[in-house]
K.L.:
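I am attaching a structure below and will ask some questions about it afterwards.
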Amino acid sequence: MIPEPEVFTRYLERTRWFGGKGRPFEVASVRRIGEVPCGAEGKPTVVIDLVEVAYGDAEGGSDVYQVPMALYEHPETRLDHAFIGWWEEPTYGWVHAYDALHDREAMACWQRAFDAAAKESGGNLLDESGLRFHRLPGHDLDLEAHSTLFSGEQSNSSVAFGEDALMKVFRKITPGVNPDISVHDVLTRRGSDHIAALYGYLDWVDEDADGGAGTTVQLAMLQEFLRTASDGWDLAITSVRNLYADSELHAHEAGGDFASEAARLGTALREVHDVLAEHFPVEELDAAAVAELADGMDARLDAALGVVPGLAEHESTLRAAYARLRTLDGVRVQQIHGDLHLGQTLRTSLGWKIVDFEGEPAKPLSERLRPDSPWRDVAGMLRSFDYVPHVVERQLAEDHPEDVEQRAQRADEWAHRNRNHFLTAYAGIDITPEQRTLLDAYVADKAVYETVYETRNRPTWVDIPLEAVARIGAA
Ligand SMILES: Nc1ncnc2c1ncn2[C@@H]1O[C@H](COP(=O)(O)OP(=O)(O)O)[C@@H](O)[C@H]1O
Ligand SMILES: O=P(O)(O)O[C@H]1O[C@H](CO)[C@@H](O[C@H]2O[C@H](CO)[C@@H](O)[C@H](O)[C@H]2O)[C@H](O)[C@H]1O
């Protein structure tokens, strides 16, 4: 007997990372894809299952989630919070199964397997029961480091090994290349200062896929743990709070001025884009392809209008921004980040690092792998600088209603100042009219996306991108 589907249904509903919560679903299939080697001690047994979830609503469709499990012969009470179920396995007999990411013993097996990939197999690849552990040269793993599961709101699961390494286990699995790995691989081999170096990754070949031709499925990546990192979003929020602490001061006079950090971020993004342009294909879109780009934005707006009632009054100005994009007869596209905002940046003692190159999680992989304009990433950051003072205002408005107008002025100054410093460092003093057209279209597209994101996830925040959309019309 292998686990009943209901075991996984109950477990998925409890996890943070399952994206189908709130939708009717059933577990359609469970597939055991391999066992992580556990060395001489052999305890616990660590296996990986792929759980296919089929949705029963009008949207329908299905997703596949990765569930690594630690199997024990007897209950492990220290892991009660990560209990999945117990059942009889053909190979292992009766087992008590726990989410392996919560279990230090199980995580040590992954760590050792990555280490063995570098040391024992020579070729930086350890191929065990179909699971392939790859290593990049340049770093010896600290096998004494204990694992700790990150507790934040994440769509994947990250485990820190002391201060040595971080492993991100991809939860929603799509066959093919995961851009988080392929982009980190290139930037690491080029010695980029603006990412956490890739130490290794785990994949598996699904021999049955693609009519028997086989497809690689990427399951996890191991990278440098950024010990001294502070989240870019948190730092920017602190900067605005400092600014509001003294109503006499302008943004450029306040102690926590963020402008030089914004400029450093602009430089970091420029450098990352330049390296990516050297190592991934770069294309010049012709007029027809530019029209397709604009069609995509129009289509996104069409869908958003059905979800966000407040967008309707701004439809014509948004369409006009996309129409201006259509007048361009050439647009350079390349590998980009694809979902950049301040929450994807980390300030370390050695400068800014950019994380999570997976692209927008809601987009299908084929779209996420397609080259896009670097201005999409720039637009993402500009939108983020706009969010920061609005979010601080939300936190203050109730307790300090008296200074609202003063704060609104300072908020504009702060956002304007940081957008300018970022943009100038990224693109130089002047951007061309064509670049402006492109940037405006991407900013509009991102703001539209955000109105949908906020409506679905944080409805009380939807005014933030809606105000930005209104400003596009007023400009
Ligand atoms: N190399 C790293 N070192 C330390 N912390 C990191 C590192 N990479 C990411 N983080 C932290 O983990 C959080 C989640 O990482 P992220 O790659 O965005 O995961 P997800 O794909 O699940 O969204 C980030 O917001 C950041 O705070
Ligand atoms: O980090 P994710 O890949 O999950 O990105 C999604 O969530 C983001 C919020 O966490 C969301 O970002 C929006 O809110 C941010 C403030 O919380 C702001 O800095 C961004 O500019 C804004 O877009 C992102 O859009 C969404 O894809």
Side-chain angles (χ1 to χ4, degrees), residues 1-22 25-27 29-39 41-53 63-89 91-114 129 131 133 143-162 164-173 202 204 219-222 225:
M1 190 177 88
I2 55 160
E4 294 291 333
E6 294 72 38
V7 170
F8 286 108
T9 309
R10 285 194 298 274
Y11 159 70
L12 288 172
E13 276 165 346
R14 290 203 315 269
T15 67
R16 278 174 191 269
W17 42 262
F18 175 52
K21 283 197 285 280
F25 73 92
E26 59 175 27
V27 171
S29 68
V30 179
R31 184 170 179 192
R32 176 72 44 89
I33 59 168
E35 183 177 326
V36 178
C38 253
E41 301 93 273
K43 197 181 148 202
T45 299
V46 183
V47 295
I48 299 180
D49 282 8
L50 295 188
V51 176
E52 185 194 2
V53 169
D63 287 320
V64 175
Y65 282 90
Q66 178 183 185
V67 183
M69 293 184 290
L71 307 180
Y72 286 91
E73 199 180 335
H74 300 291
E76 288 284 317
T77 46
R78 73 192 160 91
L79 291 172
D80 275 352
H81 59 288
F83 182 63
I84 295 177
W86 67 299
W87 55 78
E88 192 174 13
E89 293 256 346
T91 317
Y92 312 114
W94 279 95
V95 294
H96 297 256
Y98 302 88
D99 184 326
L101 282 287
H102 291 258
D103 182 10
R104 283 185 173 184
E105 305 295 331
M107 287 298 97
C109 300
W110 293 61
Q111 208 177 6
R112 286 197 294 266
F114 273 118
S129 71
L131 296 178
F133 290 83
L143 297 183
E144 301 300 313
H146 286 286
S147 72
T148 314
L149 179 63
F150 273 28
S151 58
E153 280 296 331
Q154 264 191 275
S155 45
N156 296 299
S157 297
S158 295
V159 169
F161 291 105
D164 178 53
L166 184 84
M167 181 170 73
K168 175 149 89 170
V169 170
F170 301 115
R171 287 299 190 168
K172 193 154 110 183
I173 294 298
L202 170 64
W204 163 75
L219 298 168
M221 68 186 230
L222 185 72
F225 181 79

K.L.:
Could you grab the distance from atom CH2 of Trp86 to atom CH2 of Trp94, nearest 0.5 Å is fine?
P.N.:
5.0 Å
K.L.:
Any side-chain heavy-atom pair from Pro68 and Val36 closer than 4.5 angstrom?
P.N.:
no
K.L.:
Which class fits the ring pair Tyr72 and Tyr98: parallel under 30°, tilted 30 to 60°, perpendicular over 60°?
P.N.:
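Ring orientation, 0 to 90° scale: perpendicular.
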K.L.:
Name all residues meeting the ring-ring contact (aromatic ring centres under 6.0 Å, His included) criterion together with Phe25; count only those two or more places apart in sequence or in a different chain, and write none if there are none.
P.N.:
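For Phe25 the ring-ring contact (aromatic ring centres under 6.0 Å, His included) partners, ignoring immediate neighbours, are Phe18.
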K.L.:
If you apply the rule side chain to side chain contact (heavy atoms under 4.5 Å, CB included), what do you find for Leu219 with Ile33, and how did you get there?
P.N.:
CA-CA 11 Å; Leu219 298 168; Ile33 59 168; 3.9 Å; yes
K.L.:
For the residue pair Phe225 and Ala165, what are the closest heavy atoms and their distance?
P.N.:
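Heavy atoms of Phe225 and Ala165 come nearest at CB-N, 3.6 Å.
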K.L.:
State the CG-CD distance between Asp164 and Glu144, to the nearest 0.5 angstrom.
P.N.:
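Nearest 0.5 Å value for the CG-CD distance: 11.0 Å.
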K.L.:
Give, for atom CZ of Arg171 and atom CG of Leu101, the distance between the pair rounded to the nearest 0.5 Å.
P.N.:
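It is 4.5 Å, given to the nearest 0.5 Å.
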K.L.:
Nearest 0.5 Å, what's the CD-CH2 distance between Gln66 and Trp204?
P.N.:
10.5 Å
K.L.:
Nearest 0.5 Å, please: how far is OG in Ser29 from CG in Asp49?
P.N.:
10.0 Å
K.L.:
Within this structure, what is the CD1-CE distance for the pair Ile48 and Met69, rounded to the nearest 0.5 Å?
P.N.:
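Ile48 CD1 to Met69 CE: 10.0 Å, rounded to 0.5 Å.
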K.L.:
So, using ring-ring contact (aromatic ring centres under 6.0 Å, His included) as the criterion, who are the partners of Phe170 when residues are at least two apart?
P.N.:
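If we apply the ring-ring contact (aromatic ring centres under 6.0 Å, His included) test to Phe170, skipping adjacent residues, there are no hits.
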K.L.:
Would you say that Val67 contacts Tyr11 through its side chain, given a criterion of any heavy-atom pair below 4.5 Å between the two side chains?
P.N.:
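Yes - at least one pair of side-chain heavy atoms lies under 4.5 Å apart.
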K.L.:
Donor-acceptor pair, Tyr92 side chain versus Glu73 backbone, under 3.5 Å?
P.N.:
no
K.L.:
Only counting residues at least two apart or in another chain, list the ones meeting salt bridge (Lys or Arg N to Asp or Glu O under 4.0 Å) with Arg78.
P.N.:
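Partners of Arg78 under the salt bridge (Lys or Arg N to Asp or Glu O under 4.0 Å) test: Glu76, Asp103.
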K.L.:
Answer yes or no: is there a side-chain heavy-atom contact under 4.5 Å between Phe150 and Leu166?
P.N.:
yes
K.L.:
ring-ring contact (aromatic ring centres under 6.0 Å, His included) with His81: which residues, sequence neighbours excluded?
P.N.:
His102
K.L.:
May I ask you to test the Trp87-Glu4 pair for a side-chain heavy-atom distance under 4.5 Å?
P.N.:
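A side-chain contact under 4.5 Å is absent here.
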K.L.:
Where the side chain of Gln111 meets the backbone of Ala145, is there a donor-acceptor pair that is under 3.5 Å apart?
P.N.:
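Side chain of Gln111 to backbone of Ala145: a pair is present.
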K.L.:
Might you point out which heavy atoms bring Leu131 and Gly34 nearest each other, and give the distance in Å?
P.N.:
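Closest pair (atom of Leu131, atom of Gly34, distance): CD1-C, 3.9 Å.
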K.L.:
Within a strict 4.5 Å, meaning less than it, do heavy atoms of the Leu12 and Val53 side chains meet?
P.N.:
yes
K.L.:
Taking all non-hydrogen atoms of both residues, which atom of Tyr65 and which atom of Gly19 are closest, and how far apart?
P.N.:
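Tyr65 and Gly19 have their closest heavy atoms at OH-N, 3.0 Å.
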K.L.:
With sequence neighbours excluded, what pairs up with Val64 under the side-chain contact (heavy atoms from CB on, under 4.5 Å) test?
P.N.:
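Partners of Val64 under the side-chain contact (heavy atoms from CB on, under 4.5 Å) test: Leu50, Glu52, Ile173.
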K.L.:
Do any pairs count as a side chain to side chain donor-acceptor pair (under 3.5 Å) and have a residue in residues 13-22, sequence neighbours left out, and if so which ones?
P.N.:
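Listed by first then second residue: Arg16-Glu153.
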K.L.:
Students often mix this up, so state it plainly: with edges at 30° and 60°, are the rings of Phe133 and Phe114 parallel, tilted or perpendicular?
P.N.:
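If you compare the ring of Phe133 with that of Phe114, the planes turn out perpendicular.
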K.L.:
Tell me the closest heavy-atom pair linking Ala100 and Ala106, and the distance in Å.
P.N.:
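Taking every non-hydrogen atom into account, O-CB, 3.8 Å.
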K.L.:
Side chain to side chain contact (heavy atoms under 4.5 Å, CB included) between Val169 and Met167: does it pass, once the steps are laid out?
P.N.:
CA-CA 6 Å; Val169 170; Met167 181 170 73; 3.9 Å; yes
K.L.:
Please give me the minimum heavy-atom distance between Glu105 and Pro44, naming the atom from each residue.
P.N.:
CB-CD, 3.7 Å
